[in-house]
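One structure below.
In the text below, chain A, chain B and the rest are named by the order of the sequence lines, each starting its count at 1.
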Protein chains: 2
Amino acid sequence: MIRHLLRIALPCLALAALVACAEMPGAEQVVAKEALRGTGDLGIVVERAAGSVLVIETTHRRTLSQIDGLGDLSHASAVYSRDARYAYVFGRDGGLTKVDLLAGRIDKRIVQAGNSIGGAISQDGTLVAVSNYEPGGVRIFDSESLALVAEIPAVYDDAGSRSKVVGLVDAPGRRFVFSLYDAGQIWVADLSKPSNPGIRKFTDIGDKPYDAMITPEGRYYVAGLYGEDGLALLDLWHMEKGVERIMPGYGRGEAPLPVYKMPHMEGWAMAGDLAFVPAVGRHEVLVIDRNGWRERARIPVKGQPIFVMARPDAREVWVNFALPDNDTIQIIDVQTLAVSRTMTPGKAVLHMEFTPRGEQVWISVRDEDRVDVYDTASYEKLAALSAEKPSGIFLAARAHRIGL
Amino acid sequence: MIRHLLRIALPCLALAALVACAEMPGAEQVVAKEALRGTGDLGIVVERAAGSVLVIETTHRRTLSQIDGLGDLSHASAVYSRDARYAYVFGRDGGLTKVDLLAGRIDKRIVQAGNSIGGAISQDGTLVAVSNYEPGGVRIFDSESLALVAEIPAVYDDAGSRSKVVGLVDAPGRRFVFSLYDAGQIWVADLSKPSNPGIRKFTDIGDKPYDAMITPEGRYYVAGLYGEDGLALLDLWHMEKGVERIMPGYGRGEAPLPVYKMPHMEGWAMAGDLAFVPAVGRHEVLVIDRNGWRERARIPVKGQPIFVMARPDAREVWVNFALPDNDTIQIIDVQTLAVSRTMTPGKAVLHMEFTPRGEQVWISVRDEDRVDVYDTASYEKLAALSAEKPSGIFLAARAHRIGL
């Protein structure tokens, strides 16, 4: 039935569009090109200052549209619907915007809190969770309609105090994991029954967790601590073991250098058994062996690392830096554990995103109002796209990964 | 510019479509629903006997269209364009069909050889390679037009004998790796310059390589041998070391049982450091530690395993079997290395495919003309779709993975 309707409907649609749009110069091509297209090679670039995003396409390395009205996009991040058509953009002002990449417009937008810091989408794609500073907690929305489905206030004492929530990630089995900055806790919320979330709380996990990451298969949740050295590790396959402290030397420690910017833990790179981790306040990338979670090496780099990203073939790790070295990218060879190449793309390299199979990398060069695309085999620049103070770059292939 | 055109063009398109199609009952909904849609949740099911494929969608677990005219689809497999819109289906009769999932029709089709056995798409998505039995070799096509770009005849002696080619995979850096069944060789073809492929040949790798796999990051290529025990391993990061022989006991060996079907090596599962591998002709799944490529365990299972697939969270491995146990699936727990569950979906379970984040698995039950969808957390059946003698299931998220 459906197939027959399609055979009738599609030629009719194409014809009707050509006829109806014939008087708008150039419009035919746009319709013909944009009406049907795959979404596997799409993505967005956040234009922080303008409150807009660019929809980009990696096959021809070009911008398809610009969408504005997304509010305060400092520290913005995004996740994708399971069909890779919609990006959910989490703004700093509590805005949650569902962006339609194909139509090039906002599909829905709500301001769901006063101050928020990122989100996640459930394994089955039905639920979008947002972690909020104010009021402290997690709100969970239907991914289709953005209707509120559940609310998890981060209340941690009898007085009803609410903590800022950070380090929110999805985990297999319709779960979300997050940390309470003010309370030193990690919570695992099971949304199998959205109207009645099951919450497991781990207390005394360390002082002021400020961010977290989850390993690519969704097993280990690791939170960084602002108030002390070390990291908090939760094995989601063995929650009965509780939270373990690892890497006791990791953190500000004796703080030989001022910390210009706390590194993102989402920027941790996994390459085989090794995790590559930005040291806090030091000109080093730490290498941790995930069998036992012990330090294996320290790699000297040019500045304080921010994002440490593995090329998808796991042979290289790319690093960007805080001020005053934020014009530079260094590449670490995973086999020798040493820097193999230094590049200077331009002023304020804020973010990097590899295409899913790793042949290209997209780089935001904020202060030059550019996004650059490099070939990761030849290290040649393939394209430069105009963008207004670009920051985060999020490709739609993220739709298919756990823990983003 | 583009965004302005889009803003004009899209409402116009929608309106025109509604007007023009208003007289066909039901057509409006189809157009409204199908004209713009993401491709991240699409896939195909091969209907082997009918020479057709179903386009399926995993969000609502339904069939969108059926496309016929694909020729002989025994042993058919598929790869995807980088935008996840087109499937390239490799038929046994040498047919290479580019299927448009959105339009629900064949986009292009060529018969490029007399007898072929699978293919691959380059890391950058520009080249599709097909491995042929007759005439023995690899042909490489432009992924857009299906125009012939390069030809690599598998000539292995001075008399000009050509070998059947098997185990073709893509590797990072626009390379393809494949094995010569009749010659006992592995070739690595570098298509950086498509008009002049660079070919590196490894000879004496073992007797009659019949299939091969590559690890998910694209580093290790492993070929199975039909003529002797053991496996041939090539480390693509260190080709100067040549091909190494591993797992000397792997193969038919003393052959305690007749081999009903040689297991697919594409069906090897990687879960962390462990590879789960179907034993040949034995009721066992072998576990290999990829640090050193040595056998770590043998897991007794119900029959001769065919596909051994890791659930994307790496906590379980699902196994199907050759006759007479092909009504059964067994699930192995990765931590205990033992079977934790046995299911009997129905007669002739030919293939399994997990959604990319692992919450569903799609299973072909050929002799019951059904594709079943299971929830991988509860093991409940979520849906059953009609399909005519279904075999392989290939989801569009494969577009984003190396080595498929």
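Thr39(B) contributes a side-chain N or O that, together with a main-chain N or O of Asp83(B), makes up a donor-acceptor pair within less than 3.5 Å.
At a 4.5 Å heavy-atom cutoff, the contact between Thr58(B) and chain A is made by backbone and side-chain atoms alike. Looking at Glu57(A), neither its backbone nor its side chain comes within 4.5 Å of chain B, counting heavy atoms on both sides. At a 4.5 Å heavy-atom cutoff, the contact between Asp313(B) and chain A is made by backbone and side-chain atoms alike. At a 4.5 Å heavy-atom cutoff, the contact between Arg219(B) and chain A is made by side-chain atoms alone. With a 4.5 angstrom heavy-atom cutoff, Ala377(A) does not touch chain B via any of its atoms. For Arg82(A), the parts lying under 4.5 angstrom from a heavy atom of chain B are both the backbone and the side chain.
No other option in Asp170(A), Leu42(A), Thr215(A), Asp100(A) has as many heavy-atom pairs under 4.5 Å with chain B as Asp170(A). When each of Ala171(B), Gly218(B), Ala399(B) is scored by its heavy-atom pairs under 4.5 Å with chain A, the top score falls to Ala399(B). Here Arg315(A) is the residue among Arg174(A), Arg290(A), Arg315(A), Arg401(A) with the most heavy-atom pairs under 4.5 Å with chain B. Contact count versus chain B (heavy atoms, under 4.5 Å) is highest, among Leu101(A), Asp273(A), Asn291(A), for Asp273(A). Ranking Gln335(A), Arg311(A), Arg105(A) against chain B, the residue ahead of the rest is Gln335(A), based on heavy-atom pairs under 4.5 Å.
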After noting the C-alpha distance and the side-chain angles of Tyr220(B) and Trp237(B), does the key distance pass the ring pair (Phe, Tyr, Trp, His ring centres under 6.0 Å) rule? CA-CA 8 Å; Tyr220(B) 294 105; Trp237(B) 294 10; 7.6 Å; no
Give the C-alpha distance, both sets of side-chain angles, the deciding distance and a yes or no for side-chain contact (heavy atoms from CB on, under 4.5 Å) between Leu54(A) and Leu385(A). CA-CA 10 Å; Leu54(A) 300 178; Leu385(A) 283 69; 6.0 Å; no
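Defined by atom type and a distance below 3.5 Å, a donor-acceptor pair is present between the side-chain atoms of Gln66(B) and Glu47(B).
With sequence neighbours excluded, no residue forms a ring-ring contact (aromatic ring centres under 6.0 Å, His included) with Tyr374(B).
Look at Lys98(A) and Asp107(A) and you find a salt bridge, because one of the NZ, NE, NH1 or NH2 atoms lies within 4.0 Å of a carboxylate O, short of that distance.
Of the residues listed (Asp375(B), Val373(B), Thr376(B)), the one engaging Val361(B) in a side-chain contact (heavy atoms from CB on, under 4.5 Å) is Thr376(B), and it is the only one.
No close placement of the Trp362(B) and Phe354(B) rings is indicated, their centers lying 6.0 Å or farther apart.
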